[in-house]
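The structure appears right after this line, and notes come after that.
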Amino acid sequence: MKIQIKKRDGRLEELCAAKTKKMVEFACRDLVGCDPIELELDAKIQFRNGMSTREIQKILIQTAIEKVIAIEEDAYGNQIKKTHTNWQYVAARLLAYDLYKEAAIQRGYNHFGYGNYEVLFEKLIDMGLYGSYLRENYTKEEVHELAAYIKPERDELFNYEGIKLLSDRYLVKGFNKEVLELPQERFLTIAMHLAIPEGNKKVYYAKAFYDLLSKLKMTVATPTLANAGTAFYQLSSCFISTVGDNLWSIYDVNQKFSQVSKHGGALGIYLGKVRALNSEIRGIKNSSGGVIPWARLYNDTAVAVDQLGRRKGSASVTLDIWHKDIYDFLDLRTNNGDDRRKAHDIFPAVSIPDLFMERLERRENWSLFDPYMVQKIMGFALEDVYDEVDKKVFTERYLACEAHPELERITVPCLEVMKKIMISAVETGTPFIFFRDTVNRANPNKHAGMIYASNLCHEIAQNMSESSLIEESITDENGQTEIITRVKAGDMVTCNLNSVNLGKVELEELKDCIPLQIRMLDNVITLNKLPVKEAEVTSDKYRAIGLGTSGYHHYLANHDIMWESEEHLEVADKLFEEIAYQAIKASMELAKEKGAYAAFEGSTWQTGAYFEERGYTSPRWQALREEVAKYGLRNGYIMAVAPTGSTSNIANTTAGIDPIFKKFFIEEKKGSFTPKTAPDLCAENFWLYKEAHHIDQSWSIKACGIRQRHIDQAQSFNLYITPEVSAKDILEMYIQSWKNGVKTLYYVRNQSLEMDECTSCSS
């Protein structure tokens, strides 16, 4: 009996096994260790009448991916796990072919592979899925030239996880989730959008940007990956707001958070100015509910306003370690205590000054204050100052507060507060840590403001301040009544990210890649459609960007470097100095071309102190310092290393600056099992990929401190612990991080817990 196979367009066709065989041979082509006959036999496809071609493809993909990790017998009959990483690429090719077939049906062409991008371009604009601004900025001839530049063969650089993630989350689909856009078309559209500010050079830069993206030599942040080229192009990952000690400000930030979350961003919120529990309000004592109710408010907004339907909203909330509410704050995510004072969906962070760490080392006491009463009695705000190297303004004010007989305080041992932090960290992975003096001393724009907190992923460190209400007025003109609100704009930080893929870029290539990436980031600022006006004001003032890295462990493995080695520390220093040099130079060259950022005058970039503080004394650094003073910088903040959790998977590399979580493991999602391995895992690099929880964390801390000297902002830096690690060991990790000049700590990743991954900043 002849078997009929159901085609994707619904037609029935007689089974032609030769077609399946040809496709499998094509998928295995040039991949060592991947035998097409083996795949066909292992797939054990039970052909039956009416079976769909989609079912056949799904069976082949699943069979290929399951062959990545296989159980084999050694010479002694022992069962051992063997990895065959090339099968990931077979599965990726099969999935790509699946996308090609679906796109052909939906777009109405008959050939295998990519269709006519020019037709897709017009169709998606007409559907409102691409922005009409693309048509307005590119002529038909330019679109034709760029369409011809697409390189379909670069789809073969994806492993299975990468192309699946790109397809599931980021490719532009139709209103019924039908496949329209293909991977290289997504990359080209991003490149075209980001090249628009380049005027008559936009086609040249669109090609250059496309090459970086399609060769997986860089990754852009999640919002840029998803939104570039679309009708609403909010391209920033995170925002940071400061809350003032008044009801208007509290709800103003909540409104901003809702808008940010609606359009795919996360928010960092600084709550340190808000008065403590039982503080007075308008002279009436014991009236304030403290910071916890407001943390819960932001928590509820995070749940209620999701990020474009992709995931729930996300926010970190930062409180100073001297705030009277710190104990309740540290219990926000824990499972003990009154659930009415919990906020399980926000991420607490603690701002810590040097003075606390110094007293902690000496096992001394610590005083907790109400910021409202400090302001009322002392006439100043503790949170508005920090300790410089030679001028300890914060310490002086803090000691004055402790010495004032009328200022109420709670005195506790420093170690007790730290124990509370560590208990929460072991149980929940949080609080994140913000070493405020270290951050502010290194701030290149300290002349123009102060940094109170970081963003959700704790790699951003930029000036921030609260907005304030000036007045509300009513006008009545021509019978139309309007209420006008006037607001003094504060500094609301935006976080604009992309990352060098160190797994695919060598040291000598940085001089070519980084200038293009800096240009792309600067164009994000020019183009960005921000959901909050204050963010627009701040973005224009500083033109702040965050060039980061992914593939750090991949880079070490590629160069035969063990994580726990002095060689690692030497390489970290050399590599990140080169990244810093190329990034600063690129921003200076852009300033020559397009002008310096508005707040450049008076910055340590301009005075040269930035270079002195970091010991940049070589001739090339001194020459760059002079050029920066002469021409300025285009961007007030330049480098920040994000976690790159999802985008590093697309680029087939390791995340951010983290060591690998596991060499290989099986991931279960929605009932399917996907084997995963470290990038390019093989016998030669097997032992170079030491897993995160088995690494002596002191090596990671030292490497982080070394890198930090070259990074003007911060790094999403995780600590990894096992159940065997003692409290004393964890305490030492915090102290050593501070002593090594680490600015921020992200998660404490307990081996026995699973952490939520931030995807908003996954550049």
Side-chain angles (χ1 to χ4, degrees), residues 272 276 318-332 334 348-371 374 382-383 385-389 392-403 409-442 451-454 458 697-698 700-702 704-705 708 714 717-721 725-748 750:
T318 300
L319 196 68
D320 297 296
I321 203 165
W322 63 83
H323 197 289
K324 265 191 177 181
D325 289 354
I326 191 67
Y327 274 59
D328 284 346
F329 183 76
L330 291 171
D331 277 337
L332 276 175
T334 61
V350 178
S351 171
I352 302 179
D354 288 348
L355 182 62
F356 176 84
M357 298 303 292
E358 291 162 2
R359 289 188 179 185
L360 176 66
E361 278 201 291
R362 298 192 296 264
R363 301 299 189 265
E364 294 176 353
N365 287 336
W366 187 244
S367 299
L368 308 179
F369 297 102
D370 171 13
V374 170
L382 275 174
E383 67 272 11
V385 293
Y386 60 92
D387 280 353
E388 288 276 13
V389 173
K392 309 289 186 180
V393 180
F394 173 82
T395 295
E396 290 171 5
R397 287 192 178 183
Y398 188 84
L399 294 177
C401 288
E402 286 188 314
R409 74 196 64 101
I410 298 172
T411 302
V412 295
C414 285
L415 188 59
E416 185 181 303
V417 183
M418 201 66 203
K419 281 180 182 176
K420 193 83 172 168
I421 288 174
M422 292 191 295
I423 289 168
S424 177
V426 170
E427 183 179 331
T428 72
T430 64
F432 307 146
I433 301 297
F434 178 81
F435 290 117
R436 67 191 311 275
D437 291 332
T438 307
V439 169
N440 279 287
R441 279 195 294 269
I451 308 170
Y452 296 96
S454 190
H458 266 60
Q697 297 301 295
S698 66
S700 298
I701 291 166
K702 283 186 279 189
C704 189
Q708 190 59 74
F717 175 59
N718 297 306
L719 292 172
Y720 291 84
I721 62 171
V725 172
S726 69
K728 183 180 178 183
D729 292 333
I730 298 172
L731 176 62
E732 187 61 22
M733 290 178 201
Y734 282 107
I735 292 172
Q736 287 307 312
S737 295
W738 166 65
K739 283 188 170 180
N740 276 271
V742 174
K743 289 181 178 179
T744 60
L745 296 176
Y746 194 27
Y747 283 110
V748 172
N750 189 337

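Only a predicted model underlies this, so the values are computations on that prediction, with no experimental measurement involved. The figures here come from the full heavy-atom set of this structure, side chains too, leaving out hydrogens, waters and symmetry mates.
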- Message: For a side chain to side chain contact (heavy atoms under 4.5 Å, CB included) check, start with the C-alpha distance between Y720 and S700, then their side-chain angles and the critical distance, and finish with the verdict.
- Response: CA-CA 10 Å; Y720 291 84; S700 298; over 6 Å; no
- Task: Would you name the heavy atoms of P371 and A276 that are closest together and state the gap between them?
- Result: CD-N, 4.4 Å
- Shortest non-hydrogen contact between I321 and P353, atoms and distance: CG2-CD, 3.7 Å
- Item | Value rounded to 0.5 Å, distance of OG1 in T411 from CD in E402 | 7.0 Å
- Query: Which pair of non-hydrogen atoms, one from G272 and one from D320, has the smallest distance, and what is that distance?
  - Reply: CA-OD2, 3.6 Å
- Query: How many angstroms lie between CG in L415 and CG in L731, if you round to the nearest 0.5 Å?
  - Reply: 6.5 Å
- Item | Heavy-atom side-chain contact between L360 and Y734 under 4.5 Å | no
- Task: Is it possible for you to check whether R436 lies under 6.0 Å from the centre of the six-membered ring of F356, through NZ or CZ, and within 45° of that ring's axis?
- Result: no
- Heavy-atom side-chain proximity of D354 to Y386 below 4.5 angstrom: no
- Message: Contact between M357 and I352 at the side-chain level, heavy atoms closer than 4.5 Å - yes or no?
- Response: yes
- Message: Closer than 3.5 angstrom, by distance alone: can the side chain of Y747 be matched with the main-chain N or O of A425 as a donor-acceptor pair?
- Response: no
- Task: Check whether any side-chain heavy atom of F329 sits under 4.5 Å from a side-chain heavy atom of K420, and report yes or no.
- Result: no
- Nearest 0.5 Å, what's the CG-CG distance between D325 and L368? 9.5 Å
- Charged N-O contact under 4.0 Å between K739 and E361: yes
- Judged by atom type as modelled, is there a donor-acceptor pair below 3.5 Å linking the side chain of D387 to the main-chain atoms of D437? no
- Query: Should T334 and I423 count as side-chain neighbours, where that means a heavy-atom distance under 4.5 Å?
  - Reply: no
- Query: Is atom NZ of K392 surrounded by more than 12 heavy atoms (other residues, nucleotides or ligands) closer than 6.0 Å?
  - Reply: yes
- Can you name the closest pair of heavy atoms from D370 and K324 and give their distance? N-CG, 3.9 Å
- Message: Go through it in stages, so that I can follow the logic: the residues are L332 and T430, the test is side chain to side chain contact (heavy atoms under 4.5 Å, CB included), and I'd like the CA-CA distance, side-chain angles, deciding distance and then a yes or no.
- Response: CA-CA 10 Å; L332 276 175; T430 64; over 6 Å; no
- Task: State the CG-CD distance between L319 and E383, to the nearest 0.5 angstrom.
- Result: 10.0 Å
- Which class fits the ring pair Y746 and F432: parallel under 30°, tilted 30 to 60°, perpendicular over 60°? tilted
- Task: Flag the pair P431 / I421 as yes when at least one side-chain heavy-atom distance between them is below 4.5 Å, and no otherwise.
- Result: yes
- Message: If you compare all heavy atoms of R409 against all heavy atoms of C401, which two are closest, and at what distance to 0.1 Å?
- Response: NH2-O, 3.3 Å
- Task: With the side chain counted from C-beta on, respond yes when L719 and I730 share a heavy-atom pair under 4.5 Å apart, and no when they do not.
- Result: no
- Query: Hey, does the side chain of T744 reach the backbone of H458 with a donor-acceptor pair shorter than 3.5 angstrom?
  - Reply: yes
- Message: Checking V393 against E388 for the side chain to side chain contact (heavy atoms under 4.5 Å, CB included) test, could you report, in this order, the C-alpha distance in whole Å, the side-chain angles of both residues, the deciding distance, and whether it holds?
- Response: CA-CA 7 Å; V393 180; E388 288 276 13; over 6 Å; no
- Would you say Q736's side chain and S698's backbone share a donor-acceptor pair under 3.5 angstrom? no
- Side chain proximity check, E358 to W738, heavy atoms < 4.5 angstrom: yes
- Query: Passes side chain to side chain contact (heavy atoms under 4.5 Å, CB included), F435 versus S351? Steps please.
  - Reply: CA-CA 6 Å; F435 290 117; S351 171; over 6 Å; no
- Note on the structure: Here the pair of heavy atoms bringing W366 nearest to W322 is NE1-CA, 3.6 Å
- Item | From CD (E732) to OG (S726), nearest 0.5 Å | 10.0 Å
- Note on the structure: Distance col, row I410:CD1 vs F369:CZ, nearest 0.5 angstrom, shows 10.5 Å
